[in-house]
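Quick note on labels: first sequence line is chain A, next is B, and so on, each numbered from 1. Note that these values count all heavy atoms, side chains included, but never hydrogens, waters or copies made by symmetry.
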Amino acid sequence: MPELPEVETTRRGIASHITHHCITDVIVRQRQLRWPIPNNLRKNLTGQMISSVERRGKYLLLRMQMGTLLVHLGMSGSLRVVSKSLPPEKHDHVDIVFDSKTALRLRDPRRFGAMLWTTRDPLQHKLLKDLGVEPLTEEFSAEYLFHLSRHRKVAIKSFIMDSHIVVGVGNIYANEALFLAGIRPTVATKRVSLQRMQKLVAAIKLVLKNAINSGGTTLRDFTRGDGRPGYFRQQLNVYDRAGESCKQCASTIKCIRQGQRASYYCSHCQR
DNA sequence: ATGCGGACCTGTTAGC
DNA sequence: TGCTAACAGGTCCGCA
């Protein structure tokens, strides 16, 4: 599920339900996520109040008086506010229980996600301190990208998916943004002109904004249960459309493999 | 410094 | 129909 639009959709979905609520218990059923959930999580969280729910890249930051809970949803994670009496299902690894009748429930079948506690400035946490700029801010500009790109020979797609450069651009939206910008995913980064970086930056912002407004993209897992699907899927131009025809020129969409990830593009519209 | 491949883990699907 | 292999929205880490 989670690329930046999905994480932001999650943040907006849970914030009003848990902000200013007091934690009365923490139930950890499975601590082996990407990194083990700290043993003292229950002790650290119980009795604290959530002061805000923020996002940095794809990390969610649940700020409390004594520290911050960092949550990453990995590939398959989701966070939902549920009635605390609702029986947990197979991959419901953590419940953060509130003084209201609710609990915040972390589900993550693949367990690539993370839940960590820090008492310091969370933005200085090892996992956050070297993150690149937020894509939906003015800091993320063509000049910024161009400046960092000059000696890089990696493919442009890998470059924009590098979280040290810009956060939140995952595989789906990288493919979509490159289509909108008319840039082939395999082009060496250093060969992309400032003018084309301009188009790329605009495309990334547009794709992410549209996806957020549509509630994210739902491909597989997220469709079931009562979690509403995201509606961005209908707007996809290339992702998961290998063999289908380009919506702009009717050529056949191609799929290649870059690293371990699938790249989709139109060889006519993208050069 | 940069780039690449492997690692983490389970569920679903494509292919035989 | 059933088994196996490949693949899936992420990203850190170690090595060349």
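- Separation of the Y239(A) and Y265(A) ring centroids does not fall under the 6.0 Å cut-off.
- Rounding to whole angstrom units, CD of residue Q32(A) and C1' of dC8(B) are separated by 11 Å.
- Per the geometry, CD1 belonging to I165(A) stands 13 Å off P belonging to dC12(C), to the nearest Å.
- Summarising the geometry, the separation between CG on D130(A) and C1' on dC12(C) is reported as 12 Å, rounded to the nearest angstrom.
- Side-chain polar atoms of S193(A) and Q195(A) form no donor-acceptor pair below 3.5 angstrom.
- N171(A) places a side-chain N or O within 3.5 Å of a backbone atom of A262(A) that can act as its donor or acceptor partner.
- Between the R31(A) side chain and the I37(A) main chain, a donor and an acceptor come within less than 3.5 Å of each other.
- Atom NZ of K58(A) is separated from atom P of dG9(C) by 10 Å (rounded to the nearest Å).
- A straight line from CG of L79(A) to P of dG9(C) spans 21 Å, rounded to a whole angstrom.
- When rounded to the nearest whole Å, the span between CG of L33(A) and C1' of dA7(B) equals 16 Å.
- Distances were taken from every side-chain heavy atom of R34(A) (C-beta onward) to each of dC13(C), dC12(C), dG11(B); the shortest belongs to dC12(C).
- Annotation: proximity of residues 150-162 of chain A to DNA chain B (heavy atom, distance under 4.0 Å) is found for R152(A), K153(A), V154(A), numbered in ascending order.
- Residue K90(A) places at least one side-chain N or O under 4.0 Å from the OP1 or OP2 atom of dG11(B).
- Look at CZ on F232(A): it is 15 Å from P on dG9(C), rounded to the nearest Å.
- T24(A) and D99(A) share no side-chain donor-acceptor pair at under 3.5 Å.
- With both ends at atom P, the span from dG11(B) to dT1(C) equals 23 Å, rounded to whole Å.
- For the P atoms, the distance from dG9(C) to dA14(B) is 15 Å, rounded to whole Å.
- Distances shorter than 4.0 Å separate none of the side-chain N or O atoms of H91(A) from OP1 or OP2 on dT10(B).
- A salt bridge links E8(A) with R55(A): the distance from a Lys NZ or Arg NE/NH1/NH2 to an Asp or Glu carboxylate oxygen falls below 4.0 Å.
- Side chain of R56(A) to main chain of V167(A): no donor-acceptor pair is present (N/O by atom type, distance under 3.5 Å, no hydrogens or angles).
- When the C1' atom of dC13(C) is taken as reference, atom CH2 of W35(A) falls 10 Å away, rounded to whole Å.
- Using a 4.0 Å heavy-atom cutoff across all strands shown, R111(A) reaches sugar-phosphate atoms only and no base atom.
- No donor-acceptor pair under 3.5 Å is formed between the side chain of T19(A) and the backbone N or O of S51(A).
- Contact check, Y59(A) against dC12(C): a side-chain N or O comes under 4.0 Å of OP1 or OP2.
- Base-pairing analysis of DNA chain B finds the following stems of at least three consecutive Watson-Crick or G-U pairs, with both pairing distances under 3.5 Å: B:2-8 with C:10-16, B:10-16 with C:2-8.
- Few gaps surround CZ on R29(A); more than 12 heavy atoms of other groups in view lie less than 6.0 Å from it.
- In this structure, L127(A) reaches the sugar-phosphate backbone alone: every heavy-atom distance under 4.0 Å involves primed, P, OP1 or OP2 atoms, never a base.
- Of the charged side-chain nitrogens involved, at least one lies within less than 4.0 Å of a carboxylate oxygen, so that D25(A) and R42(A) count as a salt-bridged pair.
- Distances shorter than 4.0 Å separate none of the side-chain N or O atoms of R257(A) from OP1 or OP2 on dA6(C).
- Looking at the side chain of Q260(A), the nearest of the listed nucleotides dG6(B), dC13(C), dG10(C) is dG6(B).
- With a 6.0 Å radius and a threshold of 12 heavy atoms from other residues, nucleotides or ligands, K254(A) has its NZ atom at or below the threshold.
- dT11(C) and dA1(B) have their P atoms separated by 23 Å, with the value rounded to a whole Å.
- Closest contact between the side chain of H72(A) and the listed nucleotides dG9(C), dT11(C), dC13(C) involves dT11(C).
- For F112(A) and dC8(B), the ring-to-base geometry satisfies the stacking test (centroid distance below 5.5 Å, interplanar angle below 30°).
- Across all strands, K190(A) comes closer than 4.0 Å to no nucleic acid atom at all (heavy-atom distances).
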